[in-house]
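Notes follow the structure.
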Amino acid sequence: MAQDAIGTVPDTRSVPLAWRNLVANKRRLIRSSAGIGFAVLLMLVQLGFERGFFDASLGIVRQLDGDLFIMRASKYRFGAEDPFPRRDLDAAQGVAGVASVLPLYASWQGMFWKEPGGDKSYLIQAFAFDPDQRVFLLPEVNDQRGRLKEQDTVLVDRRARPFLGMAGDAKETEINGRTVHIAGSFALGPDFMSNGTVMMSDRTFAGLLTGNRDNPAAPPIEFGVVKVQPGADVGTVQQALAAALPKEVRVLSKPQLIAFERNFQAELSSAGPIFWMGTFVGFIVGMLISYQVIYTDLADQLPQYATLKGMGYETGYLVRVVFEQAALSAIVAYVPAWLLCLLVYYVIGALALLPLHMTLALTLLSLALTLGMCLLAAALAIRRVIAADPAEVF
Amino acid sequence: MDAITPTDPCFPLATEAPVVRAEAVNFSYGEGESRFQVLFDNRIAITPGQLVVMTGPSGSGKTTLLTLIGGLRSLQEGRIEVLGQDLSGLGTRDLVRVRRDIGFIFQMHNLFESLTAYENVKMAVQLASERPAAAIRERAVGMLQRLGLGHRVDHKPHSLSGGQRQRVAIARALANRPKLVLADEPTAALDKDATHNVVNLFKEMTVENGTAILMVTHDHRIIELADRLVHMVDGRIVSDIVLNDALRICEFLKGVEAFKNLTPHELTNVAERMTRRQYMPGEIIIREGEVGEELFLISEGEVEVDREGREVARLGPGDFFGELALMSGNPRNANVIATRPVDTYVLGKDDFDSAIQASASFREQLRRVYFARH
C-alpha cells in the first residue's frame, strides 16, 4: 500500500491539523458538539421568539393598505388608544397629491368578546372601517367586507387563540353584551398584546362601543389611511400633509409606521431586552462550553504544540490552528442545532401560535454569533499555546 | 580525483566550517537570589559528519546546552554559531527559522494523536523551504520505510507501540535530512533491533549527508559508533575524547611534518587505511632481516632503532619508520624496539603502495625522507 502511494500521488496539501484534532476523538466531538449545539439552539430559539414576537405585533401593521398614515402625535405605539379629531382628516382631504383619506377605527380596551357557547368574555382587538372602502390588504377581508354592511356583523380571526372560539363554526356570539353575527373569517394570528382580532363596519363599531345601536355618537378615529394620487411622490405628500395639519397629529409612511412599532417593541417594551438577554445567556453558555473544550484539548496537546514550535513553526501558525479548530467546532455544532431548531420552531409555533420562521438573516446572525462565541473562547484559551515553551519538552 | 567527498572524515566539507561552534557559554536559571548557574564556560565545535555523544549525570547541564545550541532557549552569555548563523542576539522569530534546519529528537515522542504516522512526519516535511511539492510523500514515507515502519504509514499513534512511535518521531526529525541533529535519549524506548536500525541510520546520515549529530545518550550501542564522546559534570565539559580512529589519525596526521603537503583527500585515504597498534616497553616492533610488510607512524611514546646491535636513532611522536623495506622490497635493515609504551598507526604494504600510486606528493615526501636517511 505504502509503496504504491510513493511518487504516484503528489501530496501538496498541508496537513489539516485543526480538522484532524477536531475529529480525532469522536466521543469528545459528540460531547462538545452537543454542548455548543445546545447553546446555539438556545440562541436560535430566543432570536426566533424575538422575531416571532415582532412579526406577530407587526402583522396587522403590514396588512394596512395605505401609503401614509395620520395618527396622534402623542401615540406611543400602534396599539395604544389615542384618537384624534375628525376635522384633521377633513383637512387632509384637500392636500395636494392626496387621493383618499379613510378613517380607521380601532379598539384594544373596549371590546369584550364572549366565547361562543361559553360564559367567559375576553378583551379583543377590533378594527372598523367603511365596508365600501379598502383599508386592509388581507384578501379575505376585502372579499367579505360587503357582508359587514349588515348591522352587527363581524369577521373573526380563525387563527386567534383557541379559547376565544373564533375558529369554530359558531354563527353568532356577543360583543359587549350585544349579539353579533359571524359572517366569515380571515387568518391573522394573535400577538403578545391581543388574543384575537375582529373586523366590522364603522356603524357596528360605534354601536357596540357606545351601547347605542341606533343612534350612536361618532366613534374615535385612531388612524387616517392615506393613499396618494398615482404618480405623486409619497415623501412630498407626507411633507405637505404635515404642514397642513396641526402639531397634535403626525404623518408616517408605512415603513416608518412599521419602524415606529418595532422600536416600541424592541426598546420601550421589556420584550426586546428579554430576548436579547436570553440570546446573551445562550452566547455565554456556549462560550464557556467552547472554552472548556478548547482549554482541555490544548492542555492535552501542549507538548505537541511545543514540539511544533521546536521544529520551527511560528506561534502565528499555532494560533491559526487553534482558531481554525474553534471555528470548525462551531460549524460542526451549528448544523445539527440548526436542523433541530426547525423542529422546535414548528412545535412551538404550533403550540404558541407564534409565527416562528427560519430565515436567511436569522441563520446568518446565529451562525455569526456561534462563530463569535467559539472564537472568543479560543482567544481566551490561546495564551497556553503562546506560552508553550519548546525547551520544556526536550 | 582530489575532489573532497562528504564521507571524508578529515575534511568532510570543502569548507571546514563547524556545524556548531560554542564558545564561553554560561547559562543560569532564575533571577536574583534564586539565580542558579547550570553551565560554566562551555566550548565545543562540531564539524560536519561527526556523531558526538554527550554523557554525564543528570543535572549536569547536557540538556540545557542542547537546547541552547538548538535555539530553543535564548543565549545569555557566550557565543554559539549554528550552521553558520550566530545565535547571540537573535530574536524569537529568527531562532524559529534556525530551528527549521535542525532535526530535533525529543525524549518524549510528542506525536499528534490525531495524525497518522505519515502526517506527523509530513508536519516536518511541509515546513522545509525548498521542498518540491511532489516529493513530500516520497520523502516522508521513504523515511518511515527506512525505519521499518512502511506497514504503519497510515496508522495513528494509539495503534503503534512505544518503540514505533519513537521511530515516527525520529523519522520526523530526519526526513528533511538536516545538517544538524540534536537528540536527547532517542533510543530509550527502542528494543534491540530497532535501536540497531536507528543507530545505523544515524551513522548513514553522517556519512552520506554529512549530518552532524549531537546526542545525549547512555546507550552503549550508540557510544560504540560515536566519533566523539563529550562528558559533562556540574555544568562543565570535563572531557572531549575523539573515539573514531580515522578521525583521530587525521587530526594527528595534520600535525606531522612529512604529510604537510598532502591534499586533504590524500590524507584521508591514508588515515582511513591505518590501524592502531600499541606496544609495551621492550617489545620488538620490527626485526632486522624480516620481510617488510608495514609502515609505522608513532602517535605517542618512543622507539629505539638498532642496527647490528647498535642504537642508531630514537624516534618519537610524528616520526615514522618501516618505509625503506616497503619501497625497496628488501628485508628490514634494523630492529625497532619500544622504549616506552608506544601508540602507533600502521599502514599495510598494499595500502602503502596504492597510497603512493595515488599521490605524487606523498611519494615525493617519502623519497626525501628516504634519501635523508641514507
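Source: prediction; values computed, not measured. Chain letters run A, B, ... following the sequence lines, proteins first, then strands; residues in each count from 1. FYI, side chains are in, hydrogens and waters are out, and symmetry mates aren't considered; it's all heavy atoms of this structure.
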Spacing of [atom1] belonging to [X] relative to [atom2] belonging to [Y], to within rounding of 0.5 Å:
X: B:Met123; Y: A:Ser14; atom1: CE; atom2: OG; answer: 8.0 Å
X: A:Glu392; Y: B:Leu72; atom1: CD; atom2: CG; answer: 11.0 Å
X: A:Lys309; Y: B:Leu95; atom1: NZ; atom2: CG; answer: 12.5 Å

Does a sphere of radius 6.0 Å around [atom1] in [X] hold more than 12 heavy atoms from other residues, nucleotides or ligands, not counting ones at 6.0 Å or beyond?
X: B:Asp234; atom1: CG; answer: no
X: B:Phe36; atom1: CZ; answer: no
X: A:Phe264; atom1: CZ; answer: yes
X: B:Phe40; atom1: CZ; answer: yes
X: A:Met358; atom1: CE; answer: yes

For a quick test of reading the model, state the closest non-hydrogen atom pair linking [X] to [Y] and the distance between them.
X: A:Thr307; Y: B:Arg172; result: CG2-NH2, 3.5 Å
X: A:Pro303; Y: B:Asn110; result: CB-OD1, 3.3 Å
X: A:Leu17; Y: B:Ser114; result: CD1-OG, 4.4 Å

So does A:Glu314 pair up with B:Arg100, basic N to acidic O under 4.0 Å?
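Salt bridge flag = yes for B:Arg100 with A:Glu314.
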Please flag which part of B:Ile105 lies under 4.5 Å from any non-hydrogen atom of chain A: side chain, backbone, both or neither.
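B:Ile105 touches chain A through backbone heavy atoms alone.
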Would you mind checking which part of B:Ala183 comes under 4.5 Å of any heavy atom in chain A, side chain (CB onward), backbone (N, CA, C, O), both or neither?
backbone
Can you tell if the side chain of B:Arg73 reaches within under 4.5 Å of the side chain of A:Pro390, non-hydrogen atoms only?
no
Less than 4.5 Å apart, any side-chain heavy atom of B:Phe104 and any of A:Met311?
no
Let me know if [X] has heavy atoms under 4.5 Å from chain B in its side chain, its backbone, both or neither.
X: A:Asp389; value: side chain
X: A:Tyr317; value: side chain
X: A:Leu22; value: neither

Go through B:Asn176, B:Leu111, B:Thr63 and name the one with the most non-hydrogen pairs under 4.5 angstrom from chain A.
B:Leu111
Is there a donor-acceptor contact under 3.5 Å from the side chain of B:Arg99 to the main chain of A:Gly310?
yes
